[in-house]
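To start, the structure under review is shown below, and the notes come after it.
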Amino acid sequence: MPNFAGKTDMTAFPRLHPDFFRRDAVTVARELLGRTIVRRFESGEEKRFVIVETEAYLGEDDLACHASKGRTPRTEVMYHEGGKIYVYLIYGMYWMLNFVTGGDGHPQAVLIRGVDKVIGSGRVGRLLQLDKSFYGEDLCASNRLWVEDTPVITTFATAPRVGVDYAKEWKDMEWRFIAND
DNA sequence: CAGCCGATCCTT
DNA sequence: AGGATCGGCTGG
């Protein structure tokens with residue numbers, strides 16, 4: 001059982017308010033460091049994972065963002081108000097976990113690249129046992145995946161995002177956030 | 001409709 | 001260095 005600042009009662013940490021996600025993806029990505037993903041499995045077992053690495057994808061202009069392809073069935077949820085889950089399959093094997101951010105009509109998302117137990121976006125999806133049924137899930141209403149308002153980590157490094165060399169000038173934006181050890 | 005390839009990871 | 005594995009996007 002994790003223990004934050006002497007607290008042992010995990011119910012003391014509420015879910016993040018929807019307004020938390022209704023800001024720009026870069027700010028949300030930074031402030032997600034230290035927050036806790038809670039995954040309740042079908043067995044009823046609940047596991048917690050502290051976010052330690054994120055990346056921001058910021059709108060249609062950002063060539064690294066899937067929304068740069070426009071509004072499609074795949075990108076639809078990114079156009080919704082922040083606070084929903086965007087998952088997609090990559091390389092036919094890995095479900096990537098993203099949280100939609102920003103306001104209605106402003107397609108943005110934050111990719112969860114690492115948690116305390118596992119680093120790597122593909123590994124995170126596997127650890128959380130994600131699948132396409134999580135697409136569009138509301139973080140504020142879900143009974144199987146949500147985020148708790150645990151203390152933010154304010155010491156971190158920034159870096160360019162991974163695997164987006166094709167994104168012209170956008171590839172150099174330091175929108176990857178990595179919590180210090 | 002065919003072909004390509006990705007916000008990846010694991011094994012050789 | 002290459003394989004797994006598949007849905008979305010592109011071009012004809």
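Lettering of chains follows the sequences in order, A, B, ..., and the numbering in each one begins at 1.
Cation-pi check for A:Arg144 over A:Phe134 is met; the charged atom lies under 6.0 angstrom from the ring centroid and within 45 degrees of its normal. Cation-pi contact between A:Arg23 and A:Phe20: present, with separation from the ring centre below 6.0 Å and deviation from the ring axis of at most 45°.
For DNA chain C, runs of at least 3 consecutive pairs of the Watson-Crick or G-U wobble type, with both hydrogen-bonding distances under 3.5 angstrom, map to B:1-6 with C:6-11, B:8-11 with C:1-4.
If you measure from atom CE of A:Met96 to atom P of B:dT8, you get 5 Å, rounded to the nearest angstrom. Look at CD on A:Glu53: it is 12 Å from C1' on B:dA7, rounded to the nearest Å. Here B:dA7 presents its P atom at 20 Å from CD of A:Glu174, a figure rounded to the nearest Å. The distance from atom CG of A:Asp131 to atom C1' of C:dC6 is 15 Å, rounded to the nearest whole Å. Protein atom CZ of A:Arg161 is 15 Å distant from nucleotide atom C1' of B:dG6, rounded to whole Å. Here B:dA7 presents its P atom at 15 Å from CH2 of A:Trp95, a figure rounded to the nearest Å. Taking atom CZ of residue A:Arg126 and atom P of nucleotide C:dA4, one finds them 17 Å apart after rounding to whole Å. Going from atom CZ of A:Phe99 over to atom P of B:dA7 covers 19 Å, rounded to whole Å.
The aromatic rings of A:Tyr88 and A:His66 lie perpendicular to each other, with more than 60° between the two planes, well past the 30° mark.
Here A:Tyr57 lies parallel enough and close enough to stack on the base of B:dA7, with planes under 30° and ring centres under 5.5 Å apart. Stacking here means ring centres nearer than 5.5 Å and ring planes tilted less than 30 degrees, and by that measure A:Tyr91 stacks onto B:dT8.
Just one of A:Leu111, A:Val110, A:Val26, A:Thr101 meets the side chain to side chain contact (heavy atoms under 4.5 Å, CB included) condition when paired with A:Tyr57; it is A:Leu111.
No side-chain heavy atom of A:Arg35 sits less than 4.5 Å from a side-chain heavy atom of A:Phe49. Side-chain atoms of A:Arg161 and A:Asp62, non-hydrogen and from C-beta on, do get closer than 4.5 Å to each other.
A:Gly92 comes within 4.0 angstrom of a nucleotide base, judged by non-hydrogen atoms across all strands. As judged by a 4.0 angstrom heavy-atom cut-off over every strand, A:Gly125 is placed among residues making no nucleic acid contact.
A:Leu139 is not connected to A:Tyr79 by any chain of hydrophobic side-chain contacts under 4.5 Å among Ile, Leu, Val, Met, Phe, Trp and Tyr, and they are in different clusters.
Between A:Ser121 and B:dT8 there is a side-chain N or O to OP1 or OP2 distance below 4.0 Å. At the phosphate of B:dA7, neither OP1 nor OP2 sits under 4.0 Å from any side-chain N or O atom of A:Arg176.
Counting only distance, with no hydrogens or angles, the side chain of A:Arg39 and the backbone of A:Leu128 share a donor-acceptor pair below 3.5 Å. Of the possible polar contacts, none joining the A:Arg113 side chain to the A:Glu55 backbone as a donor-acceptor pair under 3.5 Å is found.
B:dC5 and C:dG2: their P atoms are spaced 16 Å apart (whole Å). B:dA7 and C:dA1 have their C1' atoms separated by 22 Å, with the value rounded to a whole Å.
Within 6.0 Å of CD in A:Glu169 there are more than 12 heavy atoms belonging to other residues, nucleotides or ligands.
Taking only side-chain atoms of A:Arg123, from C-beta outward, the nucleotide of B:dC9, C:dA4, B:dA7 with the closest atom is B:dC9. Among the nucleotides B:dA7, B:dC9, C:dA4, the one closest to any side-chain atom of A:Asn98 is B:dA7.
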Grab the N/O contacts between the protein and nucleotides 7-9 of chain C below 3.5 Å, and write none if there aren't any.
unit_1: C:dC9; atom_1: OP1; unit_2: A:Thr72; atom_2: OG1; d: 3.1

